[in-house]
Structures are given as C-alpha cells and as structure tokens.
Amino acid sequence: MKIKYLTLLLFYFLFISIPVNAKSDLFSVEEVVTDLDYPWSLAFISESQFLVTQRTGSLRQVVNFTLSKPIEGLPKDIYVKGQGGLLDVVLHPDYAQNGWIYLSYSAGSDERNTLKVMRAKLKNNQLVDSQVIFTVKPYRNTPVHYGGRLAFLDDNSLLISSGDGFDFRENAQRVNNQMGKILRILDDGQIPDDNPYIGETEKNLAYSVYSLGHRNPQGLVYDPIRNLVFSNEHGPAGGDEINIIRKGENYGWPIITNGKDYSGALITPFKKYQGMRQPLVDWTPSIAPSSITVYDGMMFPQMRGDFLVSSLKSKEILWIQMQQNKVVGQQSLLSELGYRFRDVKVHPDGSLYILVDSQKGKILRVTANR
C-alpha cells in the first residue's frame with residue numbers, strides 16, 4: 001500500500017509540474033493545435049486525424065496536427081450566443097462501415113431556440129447526406145444551459161444531455177418535457193421502444209426521456225467495462241455533480257441540490273428527497289465541470305478505469321480515482337497552466353488531448369516519456 005501511494009504521489013507531482021511544450025523524465029505536455037476559436041469537443045477518426053468543433057459555429061479537421069479550412073455544409077440555423085453554438089461531435093460506433101458523424105448544436109433565435117442533433121458524412125472537407133435527427137422541445141428564449149453532450153451505448157442507441165434552459169428549471173422535473181434530461185434515441189433519430197416512459201398517456205415528449213432532474217449536464221460517457229453511464233453537470237453556486245445515470249431515475253434538480261442560487265438565496269431546503277438519486281461526487285464550491293471521460297488507455301496505467309474531468313472555473317483536469325464504482329481519491333492536474341479546460345479525450349495511443357476554452361483556443365497533448 002505504501003509503494004502504491006508513493007507511486008501515485010510521484011506521478012501527481014511530476015504530472016502537474018510540467019509547463020507547456022516542456023518535458024520531464026516521465027511526461028510531456030505540448031501544444032499540438034492552436035488558432036482555435038472556443039473549441040468545444042473533438043472526435044478521433046484515426047490516430048492522425050480528428051474533428052474539432054468550435055462553439056462559434058465551425059467544424060475543423062486536423063490531419064497530422066495541420067488544421068483544415070472550416071468544413072462546409074453545417075446547418076444554417078446554428079445559434080451562436082451565450083453558451084450556445086456548435087457543441088459536441090461523436091462518431092457512430094460503426095463509423096468505419098457507415099461514415100456517420102453526429103453533431104449537437106443550438107439552433108434558432110433569441111426569442112426561440114433549442115438544442116438539435118444532426119448526423120452527416122464527411123467528403124472532401126464537406127458534410128453530405130445531412131439529417132437533423134432530433135430537436136429538443138419545448139423551445140426557450142435563453143442562450144444558456146443546453147447540455148449538449150452525446151454518447152453512444154453498446155446497442156448503438158444515442159444519449160443526449162439536455163439542459164434546463166436556466167430560467168425553466170422546474171421543467172427538469174416534468175416528464176412530458178425534454179429540458180433538464182438525459183434523452184435516448186436510436187442512431188437514426190427514432191425512439192427506442194424500451195425507453196422508460198414509453199406508453200405514458202398523451203406524453204409524447206416523454207418517450208425520449210432516459211433520466212430526469214438534471215440542470216446543465218455537459219459531461220456524458222458510457223463505460224463498457226462497468227456497463228454504466230456517467231455524467232457530470234453544472235450546479236448553481238455549488239452542487240456540481242458526477243452521477244451514475246440509470247434508466248428512469250430522477251436526479252433531483254431543482255428539488256434537491258447542495259448549491260445555492262447565485263444571489264445567495266436558498267433554492268430548496270432539501271439535499272435529499274425520497275426517490276431521488278444522490279450524486280457520486282459533489283463539488284461545493286463549484287468547479288464548473290465541462291466534460292468527463294473514462295481512461296481506458298495503456299500509456300498511463302495508473303489511471304485505467306478512472307475518470308478525467310475538465311473544469312472551467314477551477315481551471316484544472318481532475319483525476320477521479322476509482323475502485324470499482326466507488327471514488328477513492330481526487331487529484332488536480334495542470335492547474336498551474338491557468339487555462340479554462342473544455343474537454344478531455346483519450347487518444348487511441350493512450351495520450352490525453354485537452355481543449356483550452358478561449359478565443360485563442362488550443363489543443364494540448366499529454367504523453368508519457370518512455
């Protein structure tokens with residue numbers, strides 16, 4: 001146990017002490033892509049090629065660390081304001097066979113906007129065969145709290161995180177409403193017949209609901225080893241969470257929370273309530289968690305099966321150490337860089353790719369020196 005502890009401690013101090021574009025004996029952190037405008041998500045097509053979304057409304061391709069011109073063929077109704085714009089990008093699990101790319105984005109106008117999900121194929125730096133496969137309802141008039149993360153399950157159905165729209169938090173508890181939910185659809189946009197609220201009388205909007213009681217979930221990942229879905233979400237002033245997402249469960253917002261309103265006012269007197277799930281992790285005060293991934297690579301064996309969470313407010317990558325389904329520790333990584341981190345992904349070679357949230361955004365690559 002002492003040897004394991006000392007190994008983790010050494011790993012921690014070596015990892016967080018590396019300046020950008022510098023090396024230690026064990027780890028390197030380097031800028032591999034620059035000149036991005038608020039990058040939001042990335043998806044690996046191969047070891048040398050990936051896609052990156054920019055919230056300000058463009059999709060770029062990176063090949064051998066060379067940034068392409070903006071990809072053509074994006075929807076004309078992308079709504080870029082506040083927290084809205086072009087958000088997540090994921091590949092279909094059978095991408096090598098079918099070529100489908102999935103994108104989430106806010107769409108509409110100041111008076112009437114929402115979250116949409118589309119799919120398309122990439123050909124000659126252009127999206128073709130584009131289809132909008134899902135539109136969150138009802139519409140809202142606020143440019144915040146879209147959620148927007150996408151994650152495929154092992155049956156190729158697609159989960160969508162949908163925020164509460166900020167001014168409409170009560171909708172998170174309304175089953176016949178798609179705001180403040182994790183939603184589940186088939187890969188073509190149809191509704192699975194085993195969703196938890198199928199058959200509810202006159203509740204067609206409920207058919208896509210997988211779980212409810214969410215505020216602004218901006219992290220979403222399926223872990224095939226545990227066969228579990230994990231999500232992180234922004235609380236108000238406090239009450240940021242990681243949750244284990246299970247079908248048909250209620251996660252409490254806004255009836256239960258450890259946070260308060262930004263004014264300091266009490267949102268609810270309840271931190272627990274019958275029938276509502278407690279978080280796996282609570283961060284109070286807030287860290288503003290913006291993504292979550294499960295480390296499944298070989299480059300950093302100390303991390304296998306653990307979570308990595310990017311943070312906007314606390315400006316760090318949090319290494320959430322797990323034993324089976326229990327959290328046993330948290331370590332702060334890269335906080336000395338002072339960046340707002342939007343997303344963290346595991347490259348096929350096991351290295352980490354981290355998006356810096358800025359008008360002068362960039363992608364950092366963290367590798368192990370051998």
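Throughout, numbering of the chain's residues begins at 1 and tracks the sequence. The basis for the numbers below is simple: all heavy atoms, side chains too, and nothing from hydrogens, waters or symmetry mates.
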Legend entry - Full working for side chain to side chain contact (heavy atoms under 4.5 Å, CB included) between Leu364 and Glu31: CA-CA 5 Å; Leu364 308 181; Glu31 295 178 1; 3.7 Å; yes
Inset, instruction - Apply side chain to side chain donor-acceptor pair (under 3.5 Å) to the pair Tyr105 and Asp88, showing each step before the final yes or no. - result: CA-CA 7 Å; Tyr105 61 98; Asp88 211 359; over 6 Å; no
Legend entry - Residues Val366, Phe300; criterion side chain to side chain contact (heavy atoms under 4.5 Å, CB included); working and verdict: CA-CA 10 Å; Val366 180; Phe300 301 112; 4.0 Å; yes
Inset, instruction - Take Arg169 and Met179, measure what side chain to side chain contact (heavy atoms under 4.5 Å, CB included) needs, and give me the verdict at the end. - result: CA-CA 8 Å; Arg169 61 194 184 196; Met179 297 168 69; over 6 Å; no
Legend entry - Derivation and outcome, side chain to side chain contact (heavy atoms under 4.5 Å, CB included), residues Leu312 and Phe341: CA-CA 5 Å; Leu312 298 168; Phe341 294 118; 5.9 Å; no
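What you find for Lys260 and Ile267 is that their closest heavy atoms are C-CD1, 3.6 Å. Across Val128 and Lys123, no two heavy atoms sit closer than the pair CG2-CB, 4.2 Å. The minimum heavy-atom distance between Asp155 and Ser157, with the atom names listed, is OD1-OG, 2.6 Å. The shortest heavy-atom contact between Ser58 and Pro70 is CB-CB, 4.3 Å. Nearest heavy atom pair, residue Gly85 against residue Ser106, reads N-OG, 2.7 Å. Contact between Asn204 and Asn176 at its shortest, heavy atoms only, is N-OD1, 3.8 Å.
With hydrogens and angles disregarded, no donor-acceptor distance shorter than 3.5 Å links the side chain of Asn243 to the backbone of Ile245. At least one donor-acceptor pair closer than 3.5 Å links the side chain of Lys181 to the backbone N or O of Arg174. Distance alone, capped at 3.5 Å, is enough to place a donor-acceptor pair between the Thr268 side chain and the Ile255 backbone. A distance-only check finds no donor-acceptor pair linking the side chain of Asn124 to the backbone of Gln126 [under 3.5 Å]. Here the side chain of Asp306 pairs a donor or acceptor atom with the backbone of Met322 at under 3.5 angstrom. Of the possible donor and acceptor atoms, one in the side chain of Gln173 sits under 3.5 Å from a partner among the backbone N and O of Trp253. Judged by distance alone, the side chain of Ser28 and the main-chain N or O of Thr367 form no donor-acceptor pair under 3.5 Å. A donor-acceptor pair is defined here as one N or O able to donate and one able to accept, closer than 3.5 Å; no such pair exists between the side chain of Glu249 and the backbone of Ser211. Using a distance-only test at 3.5 Å, with no hydrogens or angles considered, no donor-acceptor pair links the side chain of Gln331 to the main chain of Trp319.
When only modelled atom types and interatomic distance are considered, Thr53 and Ser41 share no side-chain donor-acceptor pair under 3.5 Å. Counted by atom type alone, Ser314 and Glu316 present one or more donor-acceptor pairs between their side chains at under 3.5 Å. With no hydrogens or angles considered, a side-chain donor-acceptor pair links Asp282 and Thr284 at under 3.5 Å. Residues Trp100 and Asp187 bring no donor and acceptor atom of their side chains to less than 3.5 Å of each other. Remark: the Gln61 side chain and the Asn125 side chain contain an N/O donor-acceptor pair separated by less than 3.5 Å. With no hydrogens or angles considered, no side-chain donor-acceptor pair links Thr142 and Asp167 at under 3.5 Å.
Leu42 and Tyr38 are assigned to two separate hydrophobic clusters, defined by single-linkage of ILVMFWY side chains at heavy-atom distances under 4.5 Å. Note on Leu280: it clusters hydrophobically with Ile287, by side-chain heavy-atom contacts below 4.5 Å among ILVMFWY residues. Transitive grouping of hydrophobic side chains (ILVMFWY, heavy atoms separated by less than 4.5 Å) brings Leu352 and Leu337 into a common cluster. Put simply, Phe230 and Ile182 are part of two different groups of oily side chains (I, L, V, M, F, W, Y) that touch within less than 4.5 Å, one to the next. Taking hydrophobic clusters as Ile, Leu, Val, Met, Phe, Trp and Tyr residues chained together by side-chain heavy-atom distances below 4.5 Å, Leu333 shares a cluster with Tyr295.
No side-chain heavy atom of Asn171 sits under 4.5 Å from any side-chain heavy atom of Asp164. By the 4.5 Å heavy-atom criterion applied to side chains, Tyr339 and Ser358 are not counted as neighbours. With a 4.5 Å cut-off on side-chain heavy atoms, Ile160 and Gln178 do not count as touching. Contact check for Arg277 versus Glu241: no side-chain heavy atoms found under the 4.5 Å cut-off. Counting heavy atoms from C-beta outward, Ser208 and Phe134 have side chains that approach closer than 4.5 Å. Side-chain contact between Glu233 and Pro289 is absent, with no heavy atoms from C-beta onward closer than 4.5 Å. You'll find the side chain of Lys116 stays beyond 4.5 Å of the side chain of Pro75, heavy atoms only. Using a 4.5 Å heavy-atom cutoff, the side chains of Arg226 and Val294 are in contact.
With sequence neighbours excluded, the residues satisfying ring pair (Phe, Tyr, Trp, His ring centres under 6.0 Å) with His214 are Tyr251. Remark: Tyr197 engages no residue in a ring pair (Phe, Tyr, Trp, His ring centres under 6.0 Å) (not counting sequence neighbours).
Salt bridge Arg60/Asp35: absent, no basic N to carboxylate O contact under 4.0 Å. A salt bridge is absent between Lys313 and Asp240: the closest approach of a Lys/Arg side-chain nitrogen to an acidic carboxylate oxygen does not fall below 4.0 angstrom. Salt bridge present: Arg149 and Asp343 bring a charged side-chain N and a carboxylate O closer than 4.0 Å.
In this structure, Tyr262 and Phe166 have parallel ring planes: the angle between them is below the 30° cut-off, well short of the 60° mark. Ring geometry for Tyr353 against His347 counts as parallel: the plane angle stays under 30°, on a 0 to 90° scale with 60° as the upper cut.
Screening Leu127, Leu103, Asp188 for a side chain to side chain contact (heavy atoms under 4.5 Å, CB included) with Arg119, the sole residue that qualifies is Asp188.
Summarising the geometry, atom CZ belonging to Arg184 is positioned 6.5 Å from atom NZ belonging to Lys247; distances are rounded to the nearest 0.5 Å. If you take CZ on Arg365 and CD on Glu30, they are separated by 6.0 Å, rounding to the nearest 0.5 Å. Expressed to the nearest 0.5 Å, how far CG of Asp129 lies from CD1 of Ile101 amounts to 11.0 Å. Atom CD of residue Gln218 and atom CD1 of residue Ile292 lie 13.0 Å apart, to the nearest 0.5 angstrom. Distance CD1/Ile256 to OH/Tyr273: 10.5 Å, rounded to 0.5 Å. Atom CG of Leu87 is separated from atom OH of Tyr146 by 8.5 Å, given to the nearest 0.5 angstrom.
Among residue pairs with one or both ends in residues 89-112, those qualifying as salt bridge (charged side-chain N to carboxylate O under 4.0 Å, His left out) are Lys81-Asp110; sequence neighbours excluded.
The side-chain tip of Arg55 does not point at the ring of Trp40 from less than 6.0 angstrom away and within 45° of straight on.
Atom CG of Asp194 sits in a crowded spot, with more than 12 heavy atoms from other residues, nucleotides or ligands closer than 6.0 Å.
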